[in-house]
Amino acid sequence: TAVFEAAEQATNGEGAVEVRVVPGLSAMQAAAARVGAPLGHDFCVISLSDQLKPWDVIERRLEAAGAADLALALYNPASRTRREQLERARDVLLRHRSLETPVVVARAVGSDEETVTVTSLGSLDVESVDMRTVLLVGSSTTRVVPNGGGPPRVYTPRRYPA
């Protein structure tokens, strides 16, 4: 989106700059693949950055996603200067989710510094989260299951209880 915005500005809306979009793998998909299929059913994606939109918009979206029982991928959860947004987001989600809700904390996925941990909404260490982190928050049906001797697997069933 940033490229399209810049191209539109540079050409005063004339569209003279050709932009080629190449399909890729998002951070949320890479993080989900590391643990299983936490985004295997309906989910939404929300950026916690209030740099380009007001916090009340973000909070309304979190409230709606929480009330709809959607799994979430949270981008831009915290930076050096934005530390309180993640705590506020967790508070909103806890109005709709239990403390035991699975959370995948995936940092720098695909790099030598990659770390992926499975925790819960109640045990989430907000201090360990930065801009290279994507968080996957489960729905009420998301499960954490043993994986032999390996790290646990996380998945959200495709069927929803009646």
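The structure displayed is predicted, hence computed values, not measured ones. Along the sequence shown, residues are numbered consecutively beginning with 1.
Summarising the local packing, CG of Leu25 is surrounded by more than 12 heavy atoms from other residues, nucleotides or ligands at distances under 6.0 Å.
Residues Thr117 and Asp125 form no side-chain contact, since every pair of their non-hydrogen atoms from C-beta on lies 4.5 Å or further apart. Using a 4.5 Å heavy-atom threshold, the side chains of Ser140 and Tyr160 count as touching. No side-chain heavy atom of Thr142 sits under 4.5 Å from any side-chain heavy atom of Phe43. Taking 4.5 Å as the limit, some side-chain heavy atom of Val105 sits within range of a side-chain heavy atom of Leu135. Leu39 has its side chain out of reach of Thr156: every pair of non-hydrogen atoms, C-beta onward, lies at least 4.5 Å apart.
Annotation: the span from Ile58 atom CD1 to Arg88 atom CZ amounts to 9.0 Å, rounded to 0.5 Å. Atom CZ of Arg132 sits about 4.5 Å away from atom OG of Ser111, to the nearest 0.5 Å. Note that NE2 of His96 is 9.0 Å distant from CG of Leu62, once rounded to the nearest 0.5 Å. Here the CD-CD1 distance, from Glu59 to Ile46, works out to 11.0 Å after rounding to the nearest 0.5 Å.
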Quick one: do Arg107 and Ser128 satisfy side chain to side chain contact (heavy atoms under 4.5 Å, CB included)? Show the steps, please. CA-CA 9 Å; Arg107 184 179 183 284; Ser128 69; over 6 Å; no
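Grouping the Ile, Leu, Val, Met, Phe, Trp and Tyr side chains by contacts below 4.5 angstrom, directly or via other members, places Leu74 apart from Leu136. Residues Leu70 and Leu121 are members of separate hydrophobic clusters, defined by side-chain heavy-atom contacts under 4.5 angstrom among Ile, Leu, Val, Met, Phe, Trp and Tyr. Under the 4.5 Å side-chain heavy-atom criterion for grouping Ile, Leu, Val, Met, Phe, Trp and Tyr, Leu52 is not connected to Leu86 through any hydrophobic cluster. Under the 4.5 Å side-chain heavy-atom criterion for grouping Ile, Leu, Val, Met, Phe, Trp and Tyr, Trp55 is connected to Leu93 within one hydrophobic cluster. Linking ILVMFWY side-chain heavy atoms closer than 4.5 Å, directly or via other members, places Val129 and Val103 in a single hydrophobic cluster.
With sequence neighbours left out, Pro151 forms a side chain to side chain contact (heavy atoms under 4.5 Å, CB included) with Asn147. Take Ser49 and apply the side chain to side chain donor-acceptor pair (under 3.5 Å) test, not counting sequence neighbours, and it matches no residue. The salt bridge (Lys or Arg N to Asp or Glu O under 4.0 Å) test applied to Arg60 returns Asp56, not counting sequence neighbours. With sequence neighbours left out, Ser98 forms a side chain to side chain contact (heavy atoms under 4.5 Å, CB included) with Glu100, Thr101. The side chain to side chain donor-acceptor pair (under 3.5 Å) search around Arg95 returns Glu63, not counting sequence neighbours. Scored by the side chain to side chain contact (heavy atoms under 4.5 Å, CB included) test, Thr1 finds Glu5 as partners (sequence neighbours excluded). Listed by chain and residue number, nothing satisfies the side chain to side chain donor-acceptor pair (under 3.5 Å) test with Asp91 (two or more places apart in sequence, or in another chain). When the salt bridge (Lys or Arg N to Asp or Glu O under 4.0 Å) test is applied to Asp69, the partners found at least two apart in sequence or on another chain are Arg97. Annotation: side chain to side chain contact (heavy atoms under 4.5 Å, CB included) contacts of Ser79 (sequence neighbours excluded): Thr81, Arg82, Met131. Applying the salt bridge (Lys or Arg N to Asp or Glu O under 4.0 Å) rule to Asp42 yields no partners; only residues at least two apart in sequence or on another chain are considered. The side chain to side chain donor-acceptor pair (under 3.5 Å) search around Thr141 returns Ser139, not counting sequence neighbours.
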Less than 3.5 Å apart, which donor and acceptor atoms pair up between the side chains of residues 27-35 and the rest of the protein, not counting sequence neighbours?
residue : atom : partner : partner atom : Å
Gln29   : OE1  : Ser26   : N            : 2.9
Gln29   : OE1  : Ser26   : OG           : 3.1
Arg34   : NE   : Glu114  : OE1          : 3.3
Arg34   : NE   : Glu114  : OE2          : 2.8
Arg34   : NH2  : Glu114  : OE1          : 3.0

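In this structure a side-chain-to-backbone donor-acceptor pair under 3.5 Å is present from Arg83 to Val126.
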